[in-house]
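Single-structure report; data block below.
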Amino acid sequence: MCGIVGYIGFRKADQVVISSLKRLEYRGYDSWGIAVKHNNKIMLVKRVGAISEDKMHEMAEGNIGIGHTRWATHGKPSEFNAHPHTDCSGEIAVVHNGIISNFQSLKEELEKKGHKFKSETDTEVISHLIEEFYRGDLKDAVSKTIDVLRGSYAIVVMHARKEELVAVRYKSPLVLGIGDEEWIIASDVPAILDYTSRVIYLEDGDVVSLTKEGFEIWKGNERVERKIETIPWSIEDAEKGGYDHFMLKEIHETPRVIEDTLFEYISEGVDIDVSFSAGISEIIFIACGTSYHASLVGKYLIEKLTGIPARVEFASEFIYNQPPMSRSLVISITQSGETADTLEAMRIAKKHGARVLAIVNVLGSTATRIADHVLYTRAGPEISVAATKSFIAQLVILYLIALKLSRLSRSEIERLAEELRVMPELVRKVLEQEGKIEQIAGKLAGYENMMYIGRGIGVPIAMEGALKMKEISYIHAEAYPAGELKHGPFALLGKNTPVIASLVPDETYEIMLSNIKEVKARESLVIAVADEHDSEIEKYVDFVIRVPKTDSIFTAITHSVALQLLAYYTARERGCEIDKPRNLAKSVTVE
Ligand code: AGP
């Protein structure tokens with residue numbers, strides 16, 4: 001995810017901005033840039049790749065500057081697309097986090113007025129709009145600009161002839177650091193902490209004017225006061241946003257990730273472009289690990305909602321199985337876009353003449369270059385090896401595809417789309433169960449074996465739950481369809497093997513209760529993940545993790561977040577190295 005920084009004070013701005021951007025490197029980025037005001041001119045440096053100081057001597061002595069690390073969304077990683085973006089005169093420079101959803105229509109209007117654009121980004125419309133509105137008052141021009149912007153944004157702006165920075169926040173974080181005669185504004189606290197620990201967390205709609213004399217915060221026409229807080233964290237803590245591990249931070253980012261992914265593909269209705277599916281006779285999912293489990297949910301949704309035949313293949317096994325046909329749509333799911341097995345399976349699919357759609361989190365990754373079509377998840381960089389928020393973002397895309405291709409009635413599709421829209425809120429409610437889940441994890445941490453069970457959509461939920469548990473806690477965790485227990489795995493059950501059961505409120509519910517009774521008869525400890533209104537379940541199991549009520553198809557989201565937390569707290573209780581489990585890598589680039 002992008003990072004932004006702005007500095008005004010007495011130090012050399014290029015040095016402050018560069019060092020602060022480096023503090024944001026952990027968030028991931030593919031390009032970067034900085035702008036410094038000097039002698040009534042804007043000096044710009046933009047680069048693809050890692051932050052370096054090769055051109056910094058050109059920045060001279062200016063002590064007003066802005067900078068940005070970019071995680072590409074609109075347009076590939078390139079110097080043109082890197083921020084800061086300028087207007088036609090080159091006097092206004094802008095850095096931006098977020099998405100301007102109406103940038104296309106704004107760009108067309110601005111082009112009609114003669115504005116020339118240099119990048120493919122949504123951000124560049126902001127600098128040109130400010131230029132349109134600028135009459136000598138930068139804050140006024142920025143306020144008029146945000147009146148016409150739709151989407152989410154944190155923006156910092158400078159003007160070559162003003163001793164001022166103007167910043168604004170709407171649905172994208174922005175923190176103002178208050179030093180002694182210097183001010184630094186950034187998207188994230190680590191960028192600030194080297195200079196001050198006194199901060200103001202800006203609120204949506206706040207417009208800040210920073211000069212060398214001080215700062216003012218405005219909301220509309222009114223000047224407002226905001227509380228100054230003191231950050232008690234070290235830099236390292238701050239990178240994790242105060243969480244003990246990136247995994248926990250990333251789980252907590254899930255509501256925002258769902259919002260960002262939905263924002264991209266849903267407005268009045270489900271707007272995802274499914275032209276890739278024209279004339280197809282089957283869908284084949286290929287993926288590895290967690291992305292494979294997302295594919296299993298995808299197959300369930302496609303078959304249930306659309307009637308199109310679907311199968312799922314481990315990417316590493318694809319070559320040995322029934323090859324695709326020219327009318328097959330191959331959907332490859334990969335967070336990193338660099339998993340060697342998945343890339344190879346995509347190449348094989350293309351050799352057979354199949355159409356390939358990639359669902360990817362990392363822009364510009366190899367998978368995006370092999371695929372015929374790409375849909376991006378908006379999970380932002382995922383640092384912990386265990387995939388969490390990226391898995392949920394993959395599911396969101398799969399729901400959108402299945403709904404768009406669905407043969408359900410229009411009203412039923414609208415009902416489900418509405419449920420999907422409230423999913424961020426439901427995930428927040430799951431996160432509120434954290435304390436309870438931590439207590440249950442405390443009971444599990446001493447075991448060496450576990451069994452996860454489910455039926456229907458509960459099977460991939462169980463498989464992903466077990467994968468999370470095994471990879472970070474090193475507990476041997478297996479997942480089975482509940483109906484399969486009697487065909488072998490029952491032999492493993494007993495006091496030493498707790499069972500985690502996903503209870504989905506659909507046609508599988510009653511039979512799951514019977515299966516749980518059978519498990520309890522073998523004296524296993526049973527933990528159920530169940531609907532908040534389920535008054536039956538407590539009679540059958542030892543502990544219940546409650547999740548908010550939703551349509552059964554969306555339990556893949558609510559249950560999975562609960563099981564991610566269960567794995568996290570179990571691993572933590574066992575003292576495991578959670579973010580970097582032994583023998584594993586975030587991106588598996590060998591077959
Ligand atoms: C799960 O937590 C792992 N990180 C792993 O299973 C991962 O999902 C798998 O290696 C596939 O990675 P990809 O999505 O980047 O292709």
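Read the numbers this way: they start at 1 and go in the same order the structure lists the ligands and their atoms. Side chains are part of it too, since the values below use all heavy atoms of this structure and drop only hydrogens, waters and symmetry mates. It should be emphasised that the depicted structure is a prediction, and the values quoted were computed from it without experimental measurement.
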Arg572/Asp244 ion pair, N-O < 4.0 Å:
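Salt bridge between Arg572 and Asp244, a charged N being under 4.0 Å from a carboxylate O: yes.
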Between Lys249 and Glu253, does at least one N-O distance fall below 4.0 Å, as a salt bridge requires?
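Yes, Lys249 and Glu253 are salt-bridged.
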Is it the case that Asn449 and Thr497 place a side-chain donor and acceptor less than 3.5 Å from each other?
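Side-chain D/A pair, Asn449 to Thr497: absent.
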Side-chain donor-acceptor contact under 3.5 Å, Tyr568 with Gln564:
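No, Gln564 and Tyr568 have no side-chain donor paired with an acceptor closer than 3.5 Å.
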Can you sort out which atoms of ligand 1 are near [X], meaning under 4.0 Å from one of its heavy atoms?
X      : result
Lys468 : 1 (C), 2 (O)
Ala387 : 1 (C), 2 (O), 4 (N)
Ala386 : 2 (O)

[X] N/O under 3.5 Å from ligand 1 N/O:
X      : answer
Ile333 : no
Gln394 : no
Thr334 : yes

Protein heavy-atom partner closest to [atom] - residue, atom, separation in Å:
atom                    : answer
atom 2 (O) of ligand 1  : Glu471 OE2, 2.5 Å
atom 9 (C) of ligand 1  : Cys288 O, 3.7 Å
atom 10 (O) of ligand 1 : Val588 CG2, 4.0 Å
atom 12 (O) of ligand 1 : Thr339 OG1, 3.5 Å

Closest candidate by heavy atom, reference atom 15 (O) of ligand 1, pool Ser336, Ser291, Ser390
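It is Ser336 that holds the nearest heavy atom.
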Best match, Thr377, Thr290, Ile472, Val385: closest heavy atom to atom 7 (C) of ligand 1
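Residue with the shortest heavy-atom distance to the ligand atom: Thr290.
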The single option from Val499, Ile461, Leu563 passing side chain to side chain contact (heavy atoms under 4.5 Å, CB included) against Tyr452:
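Single pass found, and it is Leu563.
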Taking everything shown except Leu584 itself, do over 12 heavy atoms lie less than 6.0 Å from its CG?
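Yes.
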At what distance, to the nearest 0.5 angstrom, does CD1 of Ile578 lie from CG of Leu248?
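Here the rounded value is 8.5 Å.
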Check: Arg546 main-chain N/O paired with Glu532 side-chain donor or acceptor under 3.5 Å
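Checked: no pair found.
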